[in-house]
Protein chains: 2
Amino acid sequence: MSIEEKQKPQRNDRVTIRTVATHAGVSVAAVSKVMRNAYGVSDALRARVTDAIETLAYRPSRAARGLRGRSFTIGVLLIDIRNPFLPEVIAGVNEVLGPSHYQAMIGVSDARVQLETSLIESMIDYKMDGLILVAPRLPSEILATFAVQIPIVAVGYHDASATAFDTVNAEDQRGAEIAVEALLACGYRDIEMLSLGERQGHAVSVVRQREIGFRRAMQRGGLGSSPTISKIPIASPKREEVMRKFLSRKDRPRAVFCWSDLDAITLLSLAMEMGVRVPEDLAVIGYDNSSTAALGLVNLASIDQSGRELGQVATRALISRIEGRTASEHIFQIPSLVSRNSLTRFGNSTDR
Amino acid sequence: MSIEEKQKPQRNDRVTIRTVATHAGVSVAAVSKVMRNAYGVSDALRARVTDAIETLAYRPSRAARGLRGRSFTIGVLLIDIRNPFLPEVIAGVNEVLGPSHYQAMIGVSDARVQLETSLIESMIDYKMDGLILVAPRLPSEILATFAVQIPIVAVGYHDASATAFDTVNAEDQRGAEIAVEALLACGYRDIEMLSLGERQGHAVSVVRQREIGFRRAMQRGGLGSSPTISKIPIASPKREEVMRKFLSRKDRPRAVFCWSDLDAITLLSLAMEMGVRVPEDLAVIGYDNSSTAALGLVNLASIDQSGRELGQVATRALISRIEGRTASEHIFQIPSLVSRNSLTRFGNSTDR
DNA sequence: CGACGAATGTAGAACGTTCTCCATATAACG
DNA sequence: CGTTATATGGAGAACGTTCTACATTCGTCG
């Protein structure tokens with residue numbers, strides 16, 4: 001007590017590569033070699049090191065790895081976490097990543113350009129190995145500057161001319177066309193689109209693409225060169241109000257194609273409350289084929305773009321790029337219609 | 001061309017703390033001091049450094065930071081990304097984190113203990129500053145061992161005796177009681193609970209807590225000491241089948257309390273398809289008050305536990321722990337009933 | 001038997017921070 | 001004017017990896 005007999009003060013001994021090396025009686029470099037299974041390692045050495053790693057339950061520090069080489073982490077950026085379409089994409093990413101030694105870390109930008117930028121920068125600063133950006137808001141030039149620092153795959157971002165990064169998309173123009181064609185086939189002629197009023201809508205966004213497809217299909221169907229597209233404000237308390245107004249319009253159209261299930265379902269709900277019968281008074285087709293749309297209660301016809309598949313494809317593309325590919329790839333999936341009661345009573349023709 | 005006149009080969013000059021130091025004509029240590037606003041920095045020095053940082057658009061490397069000190073990142077672990085309750089929690093976290101210099105990185109464990117462990121370890125290996133675990137599956141002892149390595153706040157994890165980490169919960173027992181009380185108040189006596197059959201249900205899980213509350217309230221209401229609790233299998237294709245069977249039972253109860261809106265909404269949907277009228281034949285109360293429950297089409301009475309608030313509170317707790325608090329805190333929120341048509345026709349009495 | 005190449009292992013310099021000492025300059029005080 | 005306290009800035013050692021460049025040992029072949 002009187003004499004300070006300090007033990008070496010309780011250091012929370014982290015097992016590092018050095019611990020492993022000592023334990024196995026080899027050099028640090030040797031351990032590193034085994035871990036990276038690099039050239040020039042004998043079976044004996046490998047066995048000893050592997051044993052040591054096992055017994056010590058050694059885990060390499062991601063931070064240190066990032067500082068020097070790869071971190072075996074890929075970053076995923078989501079605009080929004082509330083839209084049920086996005087979780088599907090994540091599920092797809094995780095499925096592909098699962099068996100590999102990569103792991104996903106997710107950032108949520110809440111559709112704010114500022115936050116989006118800083119999250120991407122953070123991911124770069126973490127020395128992540130690659131990025132999957134889902135429906136990013138940043139312009140293509142900016143993405144390109146990021147892409148020289150880190151492999152990037154953009155999902156839901158229509159810029160097939162990009163050379164610096166890859167893109168993975170469902171053909172949103174085609175999806176919208178399919179919707180219009182389905183409505184036409186049911187005999188509806190008086191069709192409008194309910195779209196999203198983005199702050200700074202850029203042509204690459206899925207929403208704008210769907211608008212383009214809508215216009216083209218309407219034109220092709222002989223319904224005028226500039227069909228009506230109403231916009232629902234983004235992230236505003238007035239969203240419902242806008243939809244109510246739409247529903248109570250005297251010249252309300254006979255059918256509507258909505259940019260996303262997210263809003264289409266609300267629309268259906270409001271329609272019910274206001275006594276607008278679906279599909280008798282108003283036919284509705286949504287987009288995304290979310291699980292809620294499939295509920296018997298909701299029964300919303302929708303354009304299906306498998307988020308899971310998009311996630312899977314994007315992840316494979318990213319990995320191949322991480323592993324050396326430099327030429328950019330632009331991959332497309334074909335969406336399809338899932339017919340349900342909101343299109344035509346007892347319309348489960350192509351449901352799956 | 002003939003003579004190899006190599007420039008210094010195109011090094012992708014990252015702006016490091018050293019670049020800043022040189023540019024400002026000071027030492028590396030000085031820059032670091034300014035960044036951490038540590039003691040012993042004159043206004044003049046600070047100004048010069050700040051300027052340099054600005055002009056060079058310097059961003060410190062998170063990887064390097066993690067290696068030595070703090071990384072200003074907190075990790076969030078979600079069991080599942082499809083349950084719409086979880087995104088709410090994330091939203092709450094982001095709201096609190098927004099103005100601070102911290103950032104959130106999210107991992108998704110898909111309810112697999114294996115993956116959960118490895119994600120937590122990764123986050124530790126990244127030297128993140130703290131972790132928010134939402135409804136983790138790991139037992140308390142294991143969490144405790146992690147908690148000595150990194151500050152942890154568990155959300156939706158009932159272990160108020162934990163000393164190594166904090167917990168933030170809605171009082172799930174109370175929530176279940178409220179549900180039962182509401183059903184009793186409507187005159188229903190024949191009540192069952194639809195719960196979740198977890199692989200290895202541990203008492204700390206919100207689901208088990210709700211079961212406890214359910215039993216107590218039923219008992220208190222004089223409805224026997226062991227009321228019926230049916231279980232829906234987790235992550236199984238048979239989930240719908242089980243619900244269908246429940247709905248077609250001859251001795252089907254008059255009212256049901258369902259562990260989560262996620263399943264309650266499916267139940268409502270199946271009921272409609274099978275011609276079981278809600279609430280005339282079957283009253284239903286869900287849990288979470290998800291946005292889908294609020295839809296006019298669905299109109300599901302539900303116990304509200306604000307995921308956003310839980311996220312906010314958890315984040316504040318985590319930050320205070322990061323900043324030095326060592327005594328553990330266990331915070332509770334009080335849930336409340338949101339009455340809707342599934343409980344009693346035109347039942348919007350306490351809706352808000 | 002000497003030389004050479006292949007195979008195997010190691011030393012040690014990065015990577016970009018943080019942070020603990022020190023060194024110096026300036027102020028305060030008797 | 002000498003001494004001591006206080007403010008300010010810098011040197012340099014970590015942190016835990018990766019990876020290049022080298023050293024050593026063998027086998028093989030002329």
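Every chain is numbered from 1 and lettered A, B, ... according to where its sequence line falls, protein lines coming before strand lines.
- Here the side chain of Glu121(A) pairs no donor or acceptor atom with the backbone of Arg59(B) at under 3.5 angstrom.
- Using modelled atom types, one side-chain atom of Tyr157(B) and one backbone atom of Leu138(B) make a donor-acceptor pair closer than 3.5 Å.
- A donor-acceptor pair under 3.5 Å links the side-chain atoms of Arg62(B) to the main chain of Ser71(B), judged by distance alone.
- Under a 3.5 Å cut-off, the side chain of Asn169(B) and the backbone N or O of Gly156(B) do form a donor-acceptor pair.
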Salt bridge (Lys or Arg N to Asp or Glu O under 4.0 Å) between Arg82(B) and Asp110(B), worked out: CA-CA 9 Å; Arg82(B) 284 166 153 128; Asp110(B) 271 330; 5.3 Å; no
Letter per nucleotide, 5' to 3', of nucleotides 8-21 of chain D [B base touched, S only sugar-phosphate touched, - untouched; heavy atoms, 4.0 Å]: BBBBB-BBBBBB--
